[in-house]
Amino acid sequence: MTKKSAPAELLRAYGSPSKQFFVSMITKDITLEDCILDLLDNSIDGAQRSAGKIKSLKSFWAHITLDDKKFSLEDNCGGISIPVAQNYAFHFGRPEKSPQQALSHGIGLYGIGMKRAVFKLGDHVAVRSRTLTDEFIVDFSVGAWAAVRENWDFPLKRLSTRAHVGTSVTVSRLNEGVGDTLGSTSFQYNMERTIARDYARFLQRGFVIKVNGRVVTARSLFLLMNKLIMPARKRFSVPVGAKKVSVDIIAGMMRVPPTSSDDTANERYPIEDWGWYVSCNDRVVLAADKTTRTGWKTVGVPAWHSQYSGFIGWASIDATDPALLPWSTTKREMDATSPVYRETLAFMSEFAKQFTQYTNQRKRRLDEMLKAEKGLTRISLDKVPSNSAFTFPMPGPAPRKVQTIKYQV
């Protein structure tokens, strides 16, 4: 008679993450600039949620303060209620039943932006928010929080003050190197330029952003046109499951192309202005891109060259559900495998190819094309009419060379 073997003992292999590892990983691949923009995205979403169906954002603002000791962002964009703070706002990843998912055309999505930003910036974090009905503060040390292995919650204290409705995020005891960066005038200047560019659509709707007390003015984007030269514009939608994502692609020239290499070294042709801009729900993801990410140096489209300076393309991708948008968690990359972006990229490449052909012909018949470019006027991107291709005058055949041959018999 065989002896029965004892039942296998059921053990457990623990898989809970180390907080220090988690903090290190989610902050590793995002810049300080993009961390700050993530916090600004929350303010924009709050303003849009408070505005409801009203398109104007004139009554809303966000003030950013940067120095070598601390970072702060304060807004008046509706605030976070205590129930939302307890159950959703400080959760890592957005729970399925989060009420914040209901925001149509939002730009906050993944539920890690605020936590990733403050972890990247420093050790002491204070998030204070007030709605019309309640107020709270979450005040903690990242180091002390990370030292407690099992508890991932944050301390929340109810307040009762007369503060304005809105949210403030303050980070002090800045991480190594962060203070030097935030306090530098070059970083502050670049921060203003980036906000003016990447939030131009929201600024144009009246939203006010200040950096260290200076009001940021929306970057002006326009194209040139006349009877002979017209920008291209293509609108279409791409089905994603039972829903659709809308795409609006506009391309043309913001300045006439340079006539010589001297022109491209001129201040009239700043290299950082030209190329493709790709936005998701009006938030710029790629700016002045001249790489394969936006179709340059791919089949039929040459690599970017200074000859193409003056070219501007804007691909606006819009979805009521931001989860359908083909962007990364850092909002600085597009998903090249997304059917939405693949179809968008096909039109972007075609428009870019048409513009490069125009500049090639322009070089060969410069005098003729300069005449065609007279009387160009500015048109805002919103007013560009639909046009299946970039329209430009076709030059006549090149003149035949005449040579004199002399001989004696």
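- In this structure, Leu286 and Glu333 approach most closely via the heavy-atom pair CD2-CA, 4.4 Å.
- For the 3.5 Å distance criterion, the side chains of Arg255 and Ser309 fail to qualify, holding no donor opposite an acceptor.
- We find that Lys157 and Asp139 are not joined by a salt bridge, their nearest charged nitrogen and carboxylate oxygen being 4.0 Å or further apart.
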Quiz item: Given Ser141 and His124, is the side chain to side chain donor-acceptor pair (under 3.5 Å) satisfied, shown in steps?
Solution: CA-CA 5 Å; Ser141 159; His124 181 217; over 6 Å; no
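- Considering only residues two or more places apart in sequence or on other chains, Ser50 meets the side chain to side chain contact (heavy atoms under 4.5 Å, CB included) condition with Phe60.
- No option in Asp41, Asn42, Leu40 other than Asp41 meets the side-chain contact (heavy atoms from CB on, under 4.5 Å) test with Ile107.
- The salt bridge (charged side-chain N to carboxylate O under 4.0 Å, His left out) with Lys331 is formed by just one residue from the set Asp38, Asp34, Asp198; it is Asp38.
- Among residues two or more places apart in sequence or in another chain, the side chain to side chain contact (heavy atoms under 4.5 Å, CB included) test is passed with Lys69 by Asp67.
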Next on the checklist: Working note: Cys280 + Met334, criterion side chain to side chain contact (heavy atoms under 4.5 Å, CB included); need CA distance, chi angles, decisive distance, verdict.
Outcome noted: CA-CA 10 Å; Cys280 288; Met334 301 301 295; 3.9 Å; yes
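- Listed by chain and residue number, Phe236 satisfy the ring-ring contact (aromatic ring centres under 6.0 Å, His included) test with Phe347 (two or more places apart in sequence, or in another chain).
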Is there a side chain to side chain contact (heavy atoms under 4.5 Å, CB included) between Leu224 and Met254? Walk through the geometry before answering. CA-CA 6 Å; Leu224 299 175; Met254 190 174 175; 5.9 Å; no
Could you go through Arg219 and Tyr199, starting from their C-alpha distance and side-chain angles, then the distance that decides it, and tell me whether this counts as side chain to side chain donor-acceptor pair (under 3.5 Å)?
CA-CA 9 Å; Arg219 168 126 183 258; Tyr199 294 84; over 6 Å; no
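- In this structure, Asn190 and Glu33 approach most closely via the heavy-atom pair O-OE2, 3.9 Å.
- Distance alone, capped at 3.5 Å, places no donor-acceptor pair between the Asp123 side chain and the Arg173 backbone.
- One side chain, Thr161 or Glu135, offers a donor N or O that lies under 3.5 Å from an acceptor on the other.
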Practice task
Apply side chain to side chain donor-acceptor pair (under 3.5 Å) to the pair Ser129 and Thr167, showing each step before the final yes or no.
Solution key: CA-CA 4 Å; Ser129 194; Thr167 301; 2.7 Å; yes
List the atom pairs, donor and acceptor, that lie under 3.5 Å between side-chain atoms in residues 20-30 and the rest of the protein, sequence neighbours left out.
unit_1: Thr27; atom_1: OG1; unit_2: Val23; atom_2: O; d: 2.8
unit_1: Thr27; atom_1: OG1; unit_2: Ser24; atom_2: O; d: 3.3

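- The number of heavy atoms from other shown groups lying within 6.0 Å of CD1 (Ile54) does not exceed 12.
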Go through Arg362 and Gln357 one step at a time and tell me if the side chain to side chain donor-acceptor pair (under 3.5 Å) criterion holds. CA-CA 8 Å; Arg362 187 176 184 271; Gln357 291 170 346; over 6 Å; no
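- When side chains are defined from C-beta on, Ile249 counts as touching Met348, because their heavy atoms get closer than 4.5 Å.
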Donor-acceptor pairs under 3.5 angstrom involving side-chain atoms of residues 179-186: please list them, not counting sequence neighbours.
unit_1: Thr181; atom_1: OG1; unit_2: Gly177; atom_2: O; d: 3.0
unit_1: Ser184; atom_1: OG; unit_2: Thr181; atom_2: O; d: 2.9
unit_1: Ser184; atom_1: OG; unit_2: Phe187; atom_2: N; d: 3.2

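- Between Gln204 and Ala218, the shortest heavy-atom contact is CG-CB, 4.1 Å.
- Each of Val384, Ile229, Thr377 was evaluated against Leu223; a single residue qualifies, Val384, per the side-chain contact (heavy atoms from CB on, under 4.5 Å) test.
- Surrounding NZ of Lys19 are more than 12 heavy atoms belonging to other residues, nucleotides or ligands, all under 6.0 Å away.
- For the side chain to side chain contact (heavy atoms under 4.5 Å, CB included) test, residues two or more places apart in sequence or in another chain that qualify with Gln354 are Glu350, Phe351, Ala389, Phe390.
- Remark: the Ser279 side chain and the Asp282 side chain contain no N/O donor-acceptor pair separated by less than 3.5 Å.
- Other residues, nucleotides and ligands contribute over 12 non-hydrogen atoms within 6.0 Å of the CZ atom of Arg214.
- Shown here for Glu192 and Val216, the closest heavy-atom pair between the two residues is O-CG1, 3.7 Å.
- Counting all heavy atoms, side chain and backbone alike, Ala117 lies closest to Leu39 at CB-CG, 3.8 Å.
- Scanning both residues, Gln307 and Thr359, for their nearest heavy atoms gives NE2-OG1, 2.7 Å.
- For residues 221-234, every residue pair satisfying the side-chain hydrogen bond (donor to acceptor under 3.5 Å, both in side chains) rule, not counting sequence neighbours, is listed here: Arg233-Asp248.
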What pairs of donor and acceptor atoms, side-chain ones from residues 76-86 against any protein atom, are under 3.5 angstrom apart with sequence neighbours left out?
unit_1: Asn76; atom_1: OD1; unit_2: Trp61; atom_2: N; d: 2.7
unit_1: Asn76; atom_1: ND2; unit_2: Ser59; atom_2: O; d: 3.0
unit_1: Ser81; atom_1: OG; unit_2: Val84; atom_2: N; d: 3.3

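- Within a 6.0 Å sphere centred on CZ of Arg149, heavy atoms belonging to other residues, nucleotides or ligands number 12 at most.
- Looking at heavy atoms from C-beta onward, Leu203 lies out of side-chain contact with Leu57 at the 4.5 angstrom threshold.
- Taking the side chain as every heavy atom from C-beta outward, Arg193 and Glu272 approach each other to under 4.5 Å.
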Open item on the list: Using the rule given for side chain to side chain contact (heavy atoms under 4.5 Å, CB included), can you reason through Asn212 versus Ile64, listing the C-alpha separation, both sets of side-chain angles and the distance that settles it, and then say yes or no?
Closed with: CA-CA 6 Å; Asn212 285 2; Ile64 297 170; 5.8 Å; no
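- Side chains of Asp289 and Thr291: a donor on one and an acceptor on the other come within 3.5 Å.
- Scanning for ring-ring contact (aromatic ring centres under 6.0 Å, His included) contacts around Tyr341 gives an empty result, with sequence neighbours left out.
- Lys290 forms no cation-pi arrangement with Trp274, by the criterion of a distance under 6.0 Å to the ring centre and an angle within 45° of the ring axis.
- Remark: Phe136 pairs with no residue by the ring-ring contact (aromatic ring centres under 6.0 Å, His included) rule, at least two apart or across chains.
- Residues Asp273 and Arg197 are not paired through a salt bridge, judged by the lack of any N-O separation under 4.0 Å between the basic side chain and the carboxylate.
- In summary, the aromatic rings of Trp276 and Trp314 are positioned with their centroids too far apart to meet the 6.0 Å limit.
- Aromatic ring pairs are classed by plane angle as parallel below 30°, tilted from 30° to 60° and perpendicular above 60°; the pair Phe392 and Tyr358 is tilted.
- Legend: residues meeting side chain to side chain contact (heavy atoms under 4.5 Å, CB included) with Ser220, ordered by chain and number and at least two apart, are Phe222.
- For Trp304, the ring-ring contact (aromatic ring centres under 6.0 Å, His included) partners are Trp296, Tyr308, not counting sequence neighbours.
- Using a 4.5 Å cut-off on side-chain heavy atoms (C-beta onward), Val138 and Phe90 make contact.
- Of the candidates Asp318, Asp45, Thr320, His105 forms a side chain to side chain donor-acceptor pair (under 3.5 Å) with just one, namely Asp318.
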